[in-house]
Trainee: 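Take a look at this one; I'll ask things after.
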Protein chains: 2
Amino acid sequence: MIQHTPGFGTGWRLQDNLYIWQSRFTFKLQMTSGFEIYLRAHTSLGDAEIEQIVSAGKLRSLERNELLLQEGQVCRHKTFVIKGLLRNFGTTADGSESITHFSPENSWTIDAESYHLQTPTQFSIAAVERSEVLQWNKTEFERLLHEIPALNNFSQKLITQASYGNRNRLFTTLSATPEEKYESFVKSYPDLLARLPLHMIASYLGISLKTLTRIRHSQLHR
Amino acid sequence: MIQHTPGFGTGWRLQDNLYIWQSRFTFKLQMTSGFEIYLRAHTSLGDAEIEQIVSAGKLRSLERNELLLQEGQVCRHKTFVIKGLLRNFGTTADGSESITHFSPENSWTIDAESYHLQTPTQFSIAAVERSEVLQWNKTEFERLLHEIPALNNFSQKLITQASYGNRNRLFTTLSATPEEKYESFVKSYPDLLARLPLHMIASYLGISLKTLTRIRHSQLHR
DNA sequence: ATTAAATATGGTCAAATGACCATGTTTTCG
DNA sequence: CGAAAACATGGTCATTTGACCATATTTAAT
């Protein structure tokens, strides 16, 4: 019997009807190519710098619903999502969850406050789907930022851009009706619509699942 | 008859029962001392650098309800609030306003997206109270950031910290009941409670004025 | 392939919320 | 100081929303 993935990323893999042995090394090479493409598209980083960044990162696989960060922990890594989909969420006193952010492939995820201050977080990050991420711990990443000014610039730009998104999302959350929120979501993230269970979309929009299905129902008859 | 403030900051001013003539210059000196104290408290900037920053800024007075930035305009300045209270808000299609942020004295205000991208904004900034602000236009401020690394660091820190606040506010807006939102506001900003009309607090919390007065009423009997 | 879990939707009903309007009070500004 | 505007609160009522429960369908895991 063929054993799959006895170690992370390592194992027999079915490809073109042949089982091939894949080492950690070739697996990482394969997984990180998307990240390299991403960096080339969004920065002016050179080959050597990209190689340096990639080799400093560690791959991690996440099962569906596996936690990347748990309430009470300190966020110790910057994380880039290579494949899959993660969600950031907080839990209220009564145990219900509110999703503050989704991070699909080719985006970053972090708990910024916990990461920068190295304090325990009130939020969690979990995989919605089986995912592959690339991670750098804080000191490692700060070294990269220091050694590679272009990465530093890019990183600042990401932080700034994230703030635009947060503000716009806050405004929508404050001012829009549930129906408008849903339509805005569909328009902004048509791809996520198909990948997320509705209760997570409801949680993200700050409305109940019931209200969401009502909206969807009423839209059928229009 | 004594004329008050014929030019900005300039004019006869009642002090210790005497009318004294105040020039633009002495007025600015007086107004900016709070900003200097703020900088000393939050940075390690030296006297010369602080002097450089202050002298590059321009004072502006705002009447109650006067707009600092209007929907459709480009945000061209970084603004520090010396005195008074400003609000950032967006307007929905039906004409109602939602307040995204309050900026009291000793804080900054800006429309980050419009400022950084120099694109027209969908949001506005207005004075809640008569206010005094200190402003730097973008090229001027970027020159300062470039020439004064400690200011650059501080600026980055502010942007990052703002993002924590936004995320926490988003979570509360998503997950809390109207009553919890109000209590959280009272706890976080007891001073603002006394300075803001209730309809603005309701707008900030994303609830109706009616709901807010109901909450306050029910809290009296407890 | 089969079983268990997750998901989407619906019904019902009580509670929460907002729209509209009125009124007494407070604040602002000339 | 006095007029006008802004403000805080209350009443009423229609609508929206969510809680709870049930069920059919889809998806996931072994």
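What you see is a predicted model; the values in this text were computed from it and never measured. Naming convention: chains lettered A, B, ... in sequence-line order (proteins, then strands); numbering from 1 in each chain.
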Trainee: Quick check against the 3.5 Å criterion: does Thr213(A) have a side-chain atom that pairs as donor or acceptor with the backbone of Lys210(A)?
Mentor: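 Between the backbone of Lys210(A) and the side chain of Thr213(A) there is a qualifying donor-acceptor contact (under 3.5 Å).
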
Trainee: Do Lys187(A) and Glu183(A) meet the salt-bridge criterion of a basic N to acidic O distance under 4.0 Å?
Mentor: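 No, Glu183(A) and Lys187(A) are not salt-bridged.
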
Trainee: So which nucleotide from dT12(C), dT9(C), dA19(C) ends up closest to the side chain of Lys210(A)?
Mentor: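 Out of dT12(C), dT9(C), dA19(C), the nucleotide with an atom closest to Lys210(A)'s side chain is dT12(C).
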
Trainee: Which nucleotide wins on minimum distance to the side chain of Arg216(B), given the candidates dG18(D), dT9(C), dT9(D)?
Mentor: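 From the listed options, dT9(D) comes nearest.
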
Trainee: Quick one: is the NZ or CZ of Arg87(A) closer than 6.0 Å to the six-membered ring centre of Tyr204(A), and within 45° of its axis?
Mentor: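 No, a cation-pi geometry is absent between Arg87(A) and Tyr204(A).
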
Trainee: Please report, rounded to the nearest Å, how far the P atom of dT27(D) is from the CG atom of Leu196(A).
Mentor: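 Roughly 14 Å, once rounded to whole Å.
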
Trainee: Determine: side-chain N/O of His199(A) to OP1/OP2 of dA6(C), distance under 4.0 Å, yes or no.
Mentor: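 Answer is no, no contact under 4.0 Å.
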
Trainee: How many Å lie between CD on Glu63(B) and P on dC29(C), as a whole number?
Mentor: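 Those two atoms, CD and P, are 8 Å apart.
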
Trainee: Looking at Phe123(A), does the NZ or CZ of Arg167(B) lie under 6.0 angstrom from its six-membered ring centre and within 45 degrees of the ring axis?
Mentor: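 Verdict for Phe123(A): a cation-pi partner in Arg167(B).
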
Trainee: Under a 3.5 Å threshold, yes or no: a donor from one side chain and an acceptor from the other, between Asn88(A) and Thr109(A)?
Mentor: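 Checked: Asn88(A)/Thr109(A) side chains pair up, N/O donor to acceptor below 3.5 Å.
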
Trainee: Could you give the CD1-to-P distance, from Ile215(B) to dT17(C), as a whole number of Å?
Mentor: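 In whole Å, dT17(C) P lies 7 Å from Ile215(B) CD1.
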
Trainee: Pick out the pairs of N or O atoms, protein on one side and nucleotides 15-17 of chain D on the other, that lie under 3.5 Å.
Mentor:
none

Trainee: Do the charged groups of Arg60(A) and Glu132(A) touch, with an N to O distance under 4.0 Å?
Mentor: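 A salt bridge is absent here (no side-chain N lies under 4.0 Å from a carboxylate O).
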
Trainee: To the nearest Å, how far apart are Arg195(A) CZ and dT27(D) P?
Mentor: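 Rounding to the nearest Å, CZ of Arg195(A) and P of dT27(D) are 15 Å apart.
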
Trainee: For a quick test of your reading: what N or O donor-acceptor pairs under 3.5 Å do the side chains of residues 72-83 of chain B make, sequence neighbours left out?
Mentor:
residue	atom	partner	partner atom	Å
Gln73(B)	OE1	Gln70(B)	N	2.9
Arg76(B)	NH1	Gln118(B)	OE1	3.1
Thr79(B)	OG1	Gln135(B)	NE2	2.9

Trainee: Return the value, rounded to whole Å, for the distance between atom NE2 of His217(B) and atom C1' of dT17(C).
Mentor: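 Result: 17 Å.
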
Trainee: If each of Leu212(B) and Arg130(B) is mapped to the nucleotide of DNA chain C with the nearest heavy atom, which maps nearer the 5' terminus, i.e. the 5' end?
Mentor: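 Result: Leu212(B).
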
Trainee: Would you kindly compare Leu209(B) and Arg64(B) by the position of their nearest DNA chain D nucleotide and give the one closer to the 5′ end?
Mentor: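 Closer to the 5' end of DNA chain D: Arg64(B).
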
Trainee: Starting from C1' on dT27(D), measure out to CG on Leu198(A) and report it in whole angstrom.
Mentor: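 Going from CG in Leu198(A) over to C1' in dT27(D) covers 14 Å.
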
Trainee: Can you tell me the distance, in whole Å, between the CD atom of Gln219(B) and the P atom of dA8(D)?
Mentor: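 Result: 16 Å.
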
Trainee: What integer distance in Å separates Glu66(B):CD from dC29(C):P?
Mentor: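 Atom CD in Glu66(B) sits about 13 Å away from atom P in dC29(C).
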
